[in-house]
Amino acid sequence: MTTLTAKDKDTVKAFWAKVSGKAEDIGKQSLARMLVVYPQTKTYFAHWKDQSPDGAPARKHGITVMTGVANAVSKIDNLRAGLLELSELHAFTLRVDPANFKILAHNMLVVIAIMFPEEFTPEVHVAMDKFLASLALALAEKYR
Amino acid sequence: MVKWTDAERAAITSLWGKIDVGEIGPQALARLLIVYPWTQRHFASFGNLSTNAAILGNPKVAQHGKTVMGGLENAVKNMDDIKNTYTKLSVMHSEKLHVDPDNFRVLAEVISVCVAAKFGPSVFTADVQEAWQKFLAVVVSALGKQYH
């Protein structure tokens, strides 16, 4: 389903260049919203001393995840190959149900819409949605 | 039956009070048709949907967006019995319109993105997003209830 066209990739790269300065904020806020709006996702973080959505572990993790997204942008021409190790991590160690990638992606788009309402045009929206879906597929590659 | 906390009720009614159906509705429907182009299958009679600009400028899309968004009014007014309030609408979407119910979920996500962009972080907080998305999930479920 999700093959990124040349136009998609250009749109994603151009938009990312505009927003990458706020990547940490986007990461922290996306993760926080995910934990609040989809409480079932908290099950993956039972090991955190501080479970609050704006606590230190959550904020740090939001940054970690968003760093991964930034990395994926740089590997946009071959996500499957570029994310192989991350996929193995998610498949064998973290074992996050891939349905959650979609949930986090939605929250990223909500935060991006909040922070960049003018720049997040329908064109950018579709390209980013496709990109995050491709990213999710690449992350799920090694699951089975 | 769905249980709403006082905070959720307040968040939903407050947010709904701020939403301009004539503004958010057209935006949300246009974005649906652009971001998920297969949804255009239901709008063959709407004229030109061939480009994003065409979709964004299409008056039938705008009018229908307003209609759909306006349909949420009934749900806000009947928050404790959305399922029964939407029985006829559900039957219509199934028997007459033949809309895959997954589209309701997808449109709900797009509506939330539009609302987020419009109202920003101080209004559309994480807690408000939680209440709003819970409300939309109930609406989505009610719309799919009469399918068989």
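Numbers restart at 1 for each chain; the letters A, B, ... are given by sequence-line order, proteins then strands.
For a residue to count as touching a neighbouring chain, one of its non-hydrogen atoms must lie under 4.5 Å from one of that chain's; by this rule Leu56(B) touches chain A with the side chain only. With a 4.5 angstrom heavy-atom cutoff, Gln129(B) touches chain A via backbone and side-chain atoms both. Proximity to chain B is absent for every atom of Phe116(A), based on heavy atoms less than 4.5 angstrom apart. Using a 4.5 Å cut-off between heavy atoms, Tyr36(B) touches chain A through its side chain atoms alone.
Counting only distance, with no hydrogens or angles, the side chain of Asn78(B) and the backbone of Asp81(B) share no donor-acceptor pair below 3.5 Å.
In this model, a donor atom of one side chain and an acceptor atom of the other lie less than 3.5 Å apart for His106(A) and Gln133(B).
Taking OG of Ser141(B) as the start and CG of Leu136(B) as the end, the distance is 12.5 Å to the nearest 0.5 Å.
Counting heavy-atom neighbours within 6.0 Å of Lys9(A) NZ, excluding the residue itself, gives a total above 12. Within 6.0 Å of NZ on Lys66(B) lie no more than 12 heavy atoms contributed by other residues, nucleotides or ligands.
When Gln27(B), Arg31(B), Glu130(B) are compared by the number of non-hydrogen pairs under 4.5 Å with chain A, Arg31(B) comes out ahead.
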